[in-house]
Amino acid sequence: MSRADSGLLRGALDAVQRGWHVFPCVVGGKRPALRGNWQELATTSAGLVREWWGRAPYNIGIACGPSRLVVIDLDQPHEGDGYEDDGALFPLSGADRLSGLARRHGERYPAGTYTVDTPSGGCHLYFLADAEGRARNSAGVIGAQIDVRADGGYVVGAGSRIGGRAYSARNSAGPAPLPGWLAGLVREPPAAEVPEQRVPAGDRVLGRAYALAALRAETERVASARPGTRNVTLNRAAFSLGQLVAAGMLLPIPVITSLIDAAMQAGLPEDEAARTVRSGMKAGARKPRSVVIG
């Protein structure tokens, strides 16, 4: 093995020693390199890790759910995001926004936990999952430039490289327990009471018309969302339409493409929009919209 390859192996073994479930991601990228469900295939076996990373210099994926982790992904500001003062735009990073959230809750910034600096200039804060409530994956929902990776999500681990730049552990601390105030923000909300939609018996055409009207209304709402509200608006739209997809009233692909197109029209980057749509639709699918025939 080359020195670079052995470094990746050491990073994967270090994660396993911490009790985290790992799997290979493509060389120099973020996508899983395995065929099949990466969450089911993720392992804590040092032997299997040596076998995998003996084949290629894979990047390191860490499955958050099996590892009992909640990872807060803090990004650098996107162009045009921030606050204005006397006509000047002051950009705010994910770390800035998380610090502001902490102050509003009367708490300190949640430092002192295992932290990984990312190639983009952001960082990942690792926490032990809150046993009292289920954290949800989200992108920009609790704050712009703040993503959450929890059960059903994964992060690229320390030692991995993208574009010649490394994910670098800032410290060797173990993950701290997820602070209560932050757990309240990332916890999946209880199922909302959604009113039943009545469709005349046998009138599938009317039911289809209702669903298509909902799709048009939600995409228009997303496309016209203003900076600072775009991710929240997109997440809500994806949740609502995901309920209709789960009820069999809409097909998933047109919903996904329509929402991503609308989000890009509003100014969101495509990859960020896609993450938010997947997260929102997955949550909505667990609570299908009830349609009463008759």
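For reference, positions follow the sequence shown, starting with 1.
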Checklist entry - In Å, rounded to the nearest 0.5 Å, how long is the span from CE of M264 to CZ of R230? => result 12.5 Å
Next on the checklist: Holding to salt bridge (Lys or Arg N to Asp or Glu O under 4.0 Å), I want the full list of residues that pass it with D14, two or more places apart in sequence or in another chain.
Outcome noted: R18
Checklist entry - Got a donor-acceptor contact below 3.5 angstrom from the R221 side chain to the A237 backbone? => result no
Item to check | Pairing residues for S93 by the side-chain hydrogen bond (donor to acceptor under 3.5 Å, both in side chains) criterion, not counting sequence neighbours | outcome: D96
Checklist entry - Do W52 and Y58 have ring centres separated by under 6.0 Å? => result no
Item to check | Main-chain N/O of L69 paired to S67 side chain as donor or acceptor, under 3.5 Å | outcome: no
Next on the checklist: Under a 3.5 Å cutoff, is there a donor and acceptor pairing between the side chains of R103 and S99?
Outcome noted: yes
Checklist entry - Can you list the residues that meet the side-chain hydrogen bond (donor to acceptor under 3.5 Å, both in side chains) rule with N37, with sequence neighbours excluded? => result none
Exercise answer: donor-acceptor pairs, residues 26-36 side-chain atoms, under 3.5 Å, sequence neighbours excluded:
none

Item to check | Criterion side-chain contact (heavy atoms from CB on, under 4.5 Å) on T113 and F127, from CA distance to verdict | outcome: CA-CA 7 Å; T113 192; F127 295 98; 3.8 Å; yes
Checklist entry - Are I162 and V155 grouped together when hydrophobic residues (ILVMFWY) are joined by side-chain heavy atoms under 4.5 angstrom apart? => result yes
Checklist entry - Nearest 0.5 Å, what's the OH-CG distance between Y114 and L125? => result 12.0 Å
Next on the checklist: Run the side-chain contact (heavy atoms from CB on, under 4.5 Å) test on R97 and L101 for me, step by step, so that the C-alpha distance in whole Å, both residues' side-chain angles and the decisive distance to 0.1 Å come before the verdict.
Outcome noted: CA-CA 6 Å; R97 295 181 186 277; L101 285 172; 5.7 Å; no
Checklist entry - Are any of the side-chain heavy atoms of L13 and W53 separated by less than 4.5 Å? => result no
Item to check | Shared hydrophobic cluster, L128 / W181 (ILVMFWY, side-chain heavy atoms < 4.5 Å) | outcome: no
Checklist entry - Partners of R108 by salt bridge (Lys or Arg N to Asp or Glu O under 4.0 Å), sequence neighbours excluded? => result none
Checklist entry - Atom OG1 of T115 and atom CD1 of I72: how far apart are they, to the nearest 0.5 Å? => result 11.0 Å
Item to check | Main-chain N/O of S138 paired to R149 side chain as donor or acceptor, under 3.5 Å | outcome: yes
Next on the checklist: Using modelled atom types and a 3.5 Å cut-off, is there a donor and acceptor pairing between side-chain atoms of S279 and backbone atoms of T276?
Outcome noted: no
Item to check | Residues in side-chain hydrogen bond (donor to acceptor under 3.5 Å, both in side chains) contact with R275, at least two apart in sequence or another chain | outcome: D147
Item to check | Gap separating the CG atom of L8 from the SG atom of C25, nearest 0.5 angstrom | outcome: 11.0 Å
Item to check | N59 side-chain N/O to R161 backbone N/O, donor-acceptor pair under 3.5 Å | outcome: yes
Item to check | Verdict with reasoning, V70 to L182, per side-chain contact (heavy atoms from CB on, under 4.5 Å) | outcome: CA-CA 10 Å; V70 174; L182 190 51; over 6 Å; no
Item to check | Any donor-acceptor pair under 3.5 Å from Q39 side chain to G152 backbone | outcome: yes
Checklist entry - side chain to side chain donor-acceptor pair (under 3.5 Å): which pairs involve residues 167-179, sequence neighbours left out? => result D117-R170
Item to check | Flag side-chain contact, heavy atom, 4.5 Å: V186 against L178 | outcome: yes
Please report, to 0.1 Å, the donor-acceptor pairs under 3.5 Å made by any side chain of residues 245-253, with sequence neighbours excluded.
none

Next on the checklist: Considering only residues two or more places apart or on different chains, which pairs with a residue in residues 174-185 satisfy salt bridge (charged side-chain N to carboxylate O under 4.0 Å, His left out)?
Outcome noted: none
Item to check | Residue pair L259, T219: steps toward the side-chain contact (heavy atoms from CB on, under 4.5 Å) verdict | outcome: CA-CA 6 Å; L259 285 177; T219 53; 4.1 Å; yes
Next on the checklist: Just to verify, what does D73 make a salt bridge (Lys or Arg N to Asp or Glu O under 4.0 Å) with, not counting sequence neighbours?
Outcome noted: none
Next on the checklist: Distance check, rounded to the nearest 0.5 Å: E218 atom CD versus L234 atom CG?
Outcome noted: 10.0 Å
Checklist entry - Partners of N137 by side-chain hydrogen bond (donor to acceptor under 3.5 Å, both in side chains), sequence neighbours excluded? => result none
Next on the checklist: Is there a side-chain contact between L241 and M281 in this structure, where contact means two heavy atoms from C-beta onward sitting under 4.5 Å apart?
Outcome noted: no
Checklist entry - Rounded to the nearest 0.5 Å, what separation is found between the NE2 atom of H21 and the OG1 atom of T43? => result 7.5 Å
Checklist entry - Hey, is CD on E270 packed in by over 12 heavy atoms from elsewhere, all under 6.0 Å? => result no
Item to check | Heavy-atom pair with the smallest gap, counting every atom of V156 and Y126 | outcome: O-OH, 4.2 Å
Item to check | All salt bridge (Lys or Arg N to Asp or Glu O under 4.0 Å) counterparts of E220, not counting sequence neighbours | outcome: none
